[in-house]
2 protein chains.
Amino acid sequence: MRGIYSNAWPATTTFMQTAPRKARNSSSPTRRKGAAVTIHEVAQRAGVSPMTVSRVVNGNANVRAATRELVMRTVRELNYTPNAAARSLAAASGTRIALIYTNPSSAYLSELLVGALDGASKAATQLVLDTWDHMTRATERAAARKIAQSVAGVILPPPLCESKAVCSELVAAGIPVVAIASGRFQPDISGVRIDDFRAAQEMTEHLLSFGHSRIAFIKGHPNQTASGLRYEGYQAAMAAAGIPVDPTLVQQGFFTYRSGLEAAEKLLARKKPPTAIFASNDDMAAAAVSVAHRRGLDVPRDISVVGFDDTPTATTVWPELTTVRQPIAAMAASSIDLLLRSIRRRKDGEARVVVDHVVAHLLVKRDSVAAPPG
Amino acid sequence: MRGIYSNAWPATTTFMQTAPRKARNSSSPTRRKGAAVTIHEVAQRAGVSPMTVSRVVNGNANVRAATRELVMRTVRELNYTPNAAARSLAAASGTRIALIYTNPSSAYLSELLVGALDGASKAATQLVLDTWDHMTRATERAAARKIAQSVAGVILPPPLCESKAVCSELVAAGIPVVAIASGRFQPDISGVRIDDFRAAQEMTEHLLSFGHSRIAFIKGHPNQTASGLRYEGYQAAMAAAGIPVDPTLVQQGFFTYRSGLEAAEKLLARKKPPTAIFASNDDMAAAAVSVAHRRGLDVPRDISVVGFDDTPTATTVWPELTTVRQPIAAMAASSIDLLLRSIRRRKDGEARVVVDHVVAHLLVKRDSVAAPPG
DNA sequence: TTGAATTTTGATAGCGCTATCACTACGCTC
DNA sequence: GAGCGTAGTGATAGCGCTATCAAAATTCAA
């Protein structure tokens with residue numbers, strides 16, 4: 001077999017005036033210290049062309065099974081990893097992914113960022129951030145149109161992923177979108193989420209198992225489908241236990257600490273207060289703890305309080321909150337993966353595929369739950 | 001001027017068998033929809049070679065002032081942004097920057113990430129994250145050595161930037177390091193920080209101006225120099241006001257909510273409690289508010305509480321905390337800049353330059369401060 | 001004013017990968 | 001068995017940028 005790079009460069013006088021930057025010798029490729037294995041080295045070792053290696057690595061063209069096998073083995077042997085820069089340069093696919101968020105102080109933002117950044121750096125994709133605050137539906141539309149021109153995919157955390165305007169604009173622009181932590185599966189866009197209904201149900205069952213029956217619920221912001229699902233999970237568990245839900249024990253909240261404060265205040269000012277409060281997120285649960293303390297109640301001895309999401313807040317307050325862990329970081333990383341796959345597919349001209357990826361949640365038991373007093 | 005790419009390719013029979021992928025016409029470059037402006041377009045418009053544009057953009061070679069000016073104007077006119085992939089491919093210098101952190105639930109992590117990511121994406125640099133938790137000095141050393149091999153620069157937030165082991169290892173490996181939000185300027189590594197002493201002094205003066213004199217102080221973690229500086233700022237302001245500091249009004253904290261809880265508990269259990277509490281960060285201030293509430297005290301009517309950092313916590317609790325804003329996001333972006341400049345300089349063989357960049361802080365007045373009761 | 005030293009600019013190649021097409025086999029139809 | 005698809009593979013060029021060195025322009029010295 002001839003070497004991949006023979007020295008058959010045309011020796012025109014105009015060209016080759018300068019010595020090549022690096023001597024290329026196909027029989028013994030000199031490798032800079034620490035430099036990565038290239039596709040050429042794999043190709044040479046496997047006795048195929050770099051193109052065939054590329055096809056195998058990208059797994060989408062027609063390569064004979066035997067060849068594919070051989071190449072894959074070689075790739076493993078040499079521990080070859082494609083160079084992301086070269087790949088995105090050659091593919092001319094500006095594989096930039098945007099993560100758009102509103103409400104930057106949202107407690108899980110940092111976990112979201114950590115996860116997305118991790119996923120992006122593993123896949124050698126550039127992640128760009130965009131904050132959309134105080135926007136009207138019209139400006140959101142415009143912003144969506146604009147971002148669609150500069151990136152190849154978009155990750156949408158709540159509450160943005162609930163906006164019909166944004167989603168439809170993005171979908172119309174033909175770029176893949178992944179909604180992260182959105183409550184419900186949406187027909188047009190892919191999603192990575194947990195089963196909010198099931199999680200809330202389990203949490204309620206957890207409280208019931210301690211003997212609680214007067215369990216109050218603080219609802220989440222009505223503009224997010226997850227809020228509804230969590231409430232429904234609570235209702236379902238209560239119904240299954242044969243305990244009618246006292247409607248005055250259900251308060252509307254808005255995911256903010258302040259709203260939790262107000263809701264808990266109403267709940268605990270009652271003559272017969274609940275023995276447990278299930279707040280739809282950790283911030284509101286923390287507020288409930290604060291109100292309880294202000295009223296001289298001990299948590300969990302006098303009242304149990306649980307939250308949802310397992311944000312830093314849950315472990316910041318004292319006692320640390322029993323809550324539902326939503327693996328935001330993993331979900332974000334997974335979103336990047338999904339997006340990348342979708343982008344590649346799209347480039348191959350395949351049809352848009354919408355997936356709904358439900359990941360496992362976890363009930364995290366800490367110190368804010370005990371049996372009801374008395 | 002001749003076009004950048006003339007069609008002078010050697011027409012050997014072996015070559016040029018296939019038509020060029022894209023017709024290159026120097027007089028009217030066809031641009032794909034949505035494709036970015038390239039260095040060639042800038043060069044052509046400015047009437048110089050791409051190389052000159054590259055030099056100007058990278059700002060490190062000797063280019064005549066007039067030429068530089070012209071190119072920069074053209075760059076602005078065309079809104080040119082270098083292609084990160086191409087750049088890192090050609091330079092073969094994986095200009096990756098690592099952001100290493102411990103204590104991921106640290107309240108300002110998200111702002112740190114947002115800022116760093118923003119700076120990185122503006123500079124077309126890849127940002128990689130690394131978490132170092134539960135490490136001994138030895139493993140830290142090893143980790144430092146390892147990371148030094150895979151990135152070109154490191155950003156170190158506290159408390160890591162206080163570790164002699166980590167810093168010296170990184171410096172020894174010859175890669176530039178920027179300490180962010182470190183209290184004191186360190187001789188070997190660059191830093192971006194606020195003037196903690198001055199900020200604490202101003203905050204204390206703010207409390208004094210309301211008529212407080214029994215001002216308690218909750219110290220930060222002793223492993224961070226910023227803690228000491230904040231305390232000294234408090235002391236200086238008290239001394240300037242001619243008020244001796246009651247040592248029993250100074251409690252040791254560790255920047256955690258829990259430690260704030262304990263400190264505030266001790267403070268408020270006293271027979272003659274302080275009329276104001278200055279906590280070294282927002283989490284401890286939030287804890288102080290919680291303790292006050294539990295004791296039936298109203299904030300700020302009965303007691304004023306202030307924090308430091310202006311993290312999300314400050315606006316989460318009620319009442320919202322008066323605090324010192326530390327512009328972490330801007331500081332992070334600035335760190336990336338500093339690092340990049342340093343890396344470039346290093347590549348040019350220039351000497352290591354250590355800078356200490358002190359940025360402006362801001363006293364944010366919210367609802368947790370009032371005149372002392374009575 | 002001339003020659004040398006220096007600065008500024010440009011031409012060329014190549015970073016590692018993939019798009020594109022050419023080519024080779026190997027079926028298949030009629 | 002000629003013609004025609006159709007998998008499988010390879011050769012070539014080029015993505016946008018920068019390293020390198022040559023060439024040109026400029027400055028400086030004598």
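So you know, we letter chains A, B, ... as the sequences are listed, proteins then strands, and number each from 1.
Applying the 4.0 Å criterion to OP1 and OP2 of dT18(D), one finds that N58(B) has a side-chain N or O inside that range. Side-chain nitrogen and oxygen atoms of R87(A) include at least one within less than 4.0 Å of the OP1 or OP2 phosphate oxygen of dT18(C). For S54(B) and dT18(D), the shortest distance from a side-chain N or O to OP1 or OP2 is below 4.0 Å. Phosphate contact (OP1/OP2 of dT8(C), side-chain N/O of T67(B), threshold under 4.0 Å): absent.
Set against dT9(C), dC17(D), dG10(D), the side chain of P82(B) has dC17(D) as its closest nucleotide. Proximity note for S49(A) (side chain, C-beta onward) versus dA11(D), dG10(C), dT18(C): the nearest is dA11(D). Listed nucleotides: dT9(C), dT18(C), dC17(D). Nearest to the side chain of A90(A): dT18(C). Considering only side-chain atoms of T38(B), the nucleotide from dC15(D), dG10(D), dC17(D) that sits closest is dC17(D). Proximity note for M51(B) (side chain, C-beta onward) versus dT18(D), dT9(D), dC17(C): the nearest is dT18(D).
Between R64(B) and A86(B), it is A86(B) whose nearest contact on DNA chain D lies nearer the 5' terminus.
N83(B) has its CG atom 14 Å from the C1' atom of dG16(C), to the nearest Å. A straight line from CG of L89(B) to P of dT18(D) spans 11 Å, rounded to a whole angstrom. Protein atom CG of N62(B) is 14 Å distant from nucleotide atom C1' of dA5(C), rounded to whole Å. In this structure, E41(B) places its CD atom 9 Å from P of dC17(D), rounding to the nearest Å. In this structure, NE2 of H40(B) is placed 13 Å from C1' of dG10(C), rounded to the nearest angstrom. The separation between I39(B) atom CD1 and dA19(D) atom P is 11 Å, rounded to whole Å. Atom CG in L70(A) sits about 10 Å away from atom P in dT9(D), given to the nearest Å. In this structure, CD of E69(B) is placed 15 Å from P of dT8(C), rounded to the nearest angstrom.
Here the rule is side-chain contact (heavy atoms from CB on, under 4.5 Å) with V75(A), and of V42(A), L70(A), I39(A) only V42(A) fits it.
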Next on the checklist: Quick one, E41(A) with T38(A), criterion side-chain contact (heavy atoms from CB on, under 4.5 Å). Give me CA distance, side-chain angles, the key distance, then yes/no.
Outcome noted: CA-CA 5 Å; E41(A) 298 173 62; T38(A) 72; 3.5 Å; yes
Next on the checklist: Quick one, V154(B) with I97(B), criterion side-chain contact (heavy atoms from CB on, under 4.5 Å). Give me CA distance, side-chain angles, the key distance, then yes/no.
Outcome noted: CA-CA 6 Å; V154(B) 172; I97(B) 288 182; over 6 Å; no
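Applying the salt bridge (Lys or Arg N to Asp or Glu O under 4.0 Å) criterion to D130(B), with sequence neighbours excluded, gives no partner residue.
Nearest heavy-atom pair across S334(B) and H357(B) is OG-CD2, 3.4 Å.
Not one N or O on the side chain of D118(B) forms a donor-acceptor pair closer than 3.5 Å with the backbone of V114(B). In this structure, the side chain of S110(A) does not engage the main chain of S110(B) through any donor-acceptor pair within 3.5 Å.
Counting distance only, with no hydrogens placed and no angle test, the side-chain atoms of R55(A) and the base atoms of dG10(D) include a donor-acceptor pair under 3.5 Å.
Taking the C1' atoms of five terminal pairs at each end of the helix from dT1(C)-dA30(D) to dC30(C)-dG1(D), the two resulting helix axes are inclined by 30°, rounded to 10°.
Side-chain N/O atoms of T52(B) and R68(B) include no donor and acceptor closer than 3.5 Å.
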